[in-house]
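The structure under discussion appears below in the form of structure tokens.
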Amino acid sequence: MKSFAFVFPGQGSQSVGMLDAWGDHQAVQQTLREASDALGEDVGRLIHEGPKESLALTTNTQPVMLVAGVAAWRVWCAAGGAKPSALAGHSLGEYSALVAAGVLTLAQAAPLVRLRAAAMQEAVPVGVGAMAAILGLEASKVIAGCAEAVVALGSGEVVEAVNFNDPAQTVIAGTKVGVDKACELLKAAGAKRALPLPVSAPFHSSLMKPAAQKLRLALDGLALAEPQIPVVNNIDVAVCTDAGQIRDALYRQAFGPVRWVECVQALKARGVTHVVEAGPGKVLAGLTKRIDAELTGVPLYDPATLAEAMEIVK
């Protein structure tokens, strides 16, 4: 048996009908029922019918991506898949990882991520914040360019590096004026592209601190269980077992960077050779290879990829 980890994607991988390929698989249907009961709405119908614009609303995207990741994980378990040596999730995906680890139940996690999404949306008025992906420039230069933009604009503007996705892809976030200025400076510094992202809030930036405070209050009211599988968190690239530490990491993650490059490197340091992405799409599987060519990224989102993943990690 190869040493493998499971990872879970965040916002951006959602699509209408993303669970259709599983048909009426019992594990998927049970997951949809649990989430629907917890949220008081038909989550399965939302995922199956959309429309795309509804799925793209942050308050819907976060719960449906949680559900999709947990569904893929439960299908793997139902098929007799082996236990991974570690788990991780990109941004929102960390909540799916914590459900898979047994720290949170899905009934706890679904309302929690909806609250997180609503709080993030409310923290910054639409149009005031922005995000952009900087391609073809090393992370240290992106950080320096953001600092230069803030100095040039003055203290009223914010722009920060918030997602370290692969060695040549870093996402920045902040006020729209700050992000626009940083994009200008970073292109001049050699970035191949600076792509504005179609998002409704500057996620993981310091502008999200008001949202994090609301999240902290909700987390304080939840009983968390001890992880049954180690979870490498985004904010510290650390494995926490204490409930208080897990709560604090989730709180800080809301306004701190997603250190995905380091998370994948930490999985490798634990002996992992294969990284299985549980949930729709292949974003994290693709990033895995770009972070470390010695690692194999494996998608898991339908019966065919399930069969392939089970064969690959044998």
Side-chain angles (χ1 to χ4, degrees), residues 10-14 51-66 90-95 112-135 137 139 141-165 169-189 191 193-219 234-235 250-260:
Q11 288 187 230
S13 293
Q14 71 278 358
K52 181 180 177 181
E53 293 74 21
S54 293
L55 281 190
L57 292 171
T58 296
T59 50
N60 288 332
T61 307
Q62 296 201 22
V64 299
M65 283 303 300
L66 169 77
H90 189 286
S91 183
L92 162 72
E94 191 165 304
Y95 289 80
L112 184 64
V113 299
R114 172 151 282 173
L115 178 147
R116 177 181 185 265
M120 285 178 158
Q121 190 60 72
E122 291 163 6
V124 179
V126 174
V128 173
M131 299 181 76
I134 309 302
L135 308 181
L137 199 64
K141 291 182 179 178
V142 176
I143 293 169
C146 288
E148 185 183 344
V150 170
V151 170
L153 292 168
S155 60
E157 304 299 338
V158 173
V159 60
E160 300 155 354
V162 297
N163 287 5
F164 298 95
N165 288 335
Q169 182 194 128
T170 303
V171 174
I172 63 174
T175 56
K176 187 176 189 310
V177 173
V179 169
D180 288 348
K181 182 64 174 177
C183 286
E184 174 193 321
L185 293 172
L186 291 167
K187 282 191 278 191
R193 300 184 76 184
L195 300 173
L197 298 180
V199 296
S200 54
F203 301 119
H204 297 290
S205 74
S206 56
L207 296 174
M208 291 289 104
K209 283 187 178 178
Q213 293 293 351
K214 294 177 183 177
L215 180 63
R216 172 178 256 171
L217 290 174
L219 284 163
N234 291 177
I235 193 69
L250 289 174
Y251 158 71
R252 288 181 292 116
Q253 188 227 49
F255 62 90
V258 175
R259 298 162 61 184
W260 192 248

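Quick note: numbers below take in every heavy atom, side chains included, and nothing from hydrogens, waters or symmetry partners. None of the values given here were measured: they were computed from a predicted structure.
In terms of the ring pair (Phe, Tyr, Trp, His ring centres under 6.0 Å) criterion, His204 has no residue partners (sequence neighbours excluded).
Across Gly178 and Ala149, no two heavy atoms sit closer than the pair O-CB, 4.3 Å. Considering all non-hydrogen atoms of both residues, Ala173 and Val162 come closest at CB-CG2, 3.8 Å. Across every non-hydrogen atom of Lys187 and Ala194, the tightest pair is CG-CB, 4.0 Å. Residue Cys146 comes nearest to Ile172 through the heavy atom pair SG-CG2, 3.6 Å, listed as atom of the first residue, atom of the second, then distance. Pairing each heavy atom of Gly174 with each of Val179, the nearest pair is N-CG2, 3.5 Å. When all heavy atoms are compared, the tightest approach of Ala212 to Ala254 is CB-CB, 3.9 Å.
Under 3.5 Å, the side chains of Gln121 and Thr59 contain no donor-acceptor pair of N or O atoms. Between the side chains of Arg114 and Asn60, at least one donor N or O lies within less than 3.5 Å of an accepting N or O. Side-chain contact of Ser91 with Gln11: a donor-acceptor pair under 3.5 Å is absent, judged by distance alone.
Glu160 places a side-chain N or O within donor-acceptor distance of the main-chain N or O of Ser206, the cut-off being under 3.5 Å. Judged by distance alone, the side chain of Thr61 and the main-chain N or O of Leu55 form a donor-acceptor pair under 3.5 Å. With hydrogens and angles ignored, the 3.5 Å screen pairs no side-chain donor or acceptor of Arg259 with any backbone N or O of Asn234.
A 4.5 Å side-chain heavy-atom check between Cys183 and Ile134 finds at least one atom pair inside the cut-off. You'll find the side chain of Trp260 stays beyond 4.5 Å of the side chain of Val171, heavy atoms only. In this structure the side chain of Pro257 reaches within 4.5 angstrom of the side chain of Ile235, judged on heavy atoms. Between Val142 and Leu186 the shortest side-chain heavy-atom distance falls below 4.5 Å. Using a 4.5 Å cut-off on side-chain heavy atoms (C-beta onward), Val124 and Met208 make contact.
Residues in residues 205-215 take part in these salt bridge (Lys or Arg N to Asp or Glu O under 4.0 Å) pairs, two or more places apart or across chains: Glu122-Lys214.
One finds the CD atom of Gln213 at 7.5 Å from the CZ atom of Phe255 (value rounded to the nearest 0.5 Å). How far CE of Met120 is from CG of Leu215: 7.5 Å, rounded to the nearest 0.5 Å. Atom CD of Gln62 sits about 10.0 Å away from atom CG of Leu115, to the nearest 0.5 Å. In this structure, CG on Leu92 lies 9.5 Å from CZ on Phe203, to the nearest 0.5 angstrom. Rounded to the nearest 0.5 angstrom, Leu219 CG and Arg116 CZ are separated by 10.0 Å.
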Output, in order, the C-alpha distance, side-chain angles, deciding distance and verdict of side chain to side chain contact (heavy atoms under 4.5 Å, CB included) for Lys181 and Val159.
-> CA-CA 9 Å; Lys181 182 64 174 177; Val159 60; over 6 Å; no
Test side chain to side chain contact (heavy atoms under 4.5 Å, CB included) applied to Leu250 and Tyr95, step by step = CA-CA 9 Å; Leu250 289 174; Tyr95 289 80; 3.8 Å; yes
In sequence, state the C-alpha distance, the side-chain angles, and the governing distance for His90 and Asn163, and then conclude on side chain to side chain contact (heavy atoms under 4.5 Å, CB included).
-> CA-CA 9 Å; His90 189 286; Asn163 287 5; 3.7 Å; yes
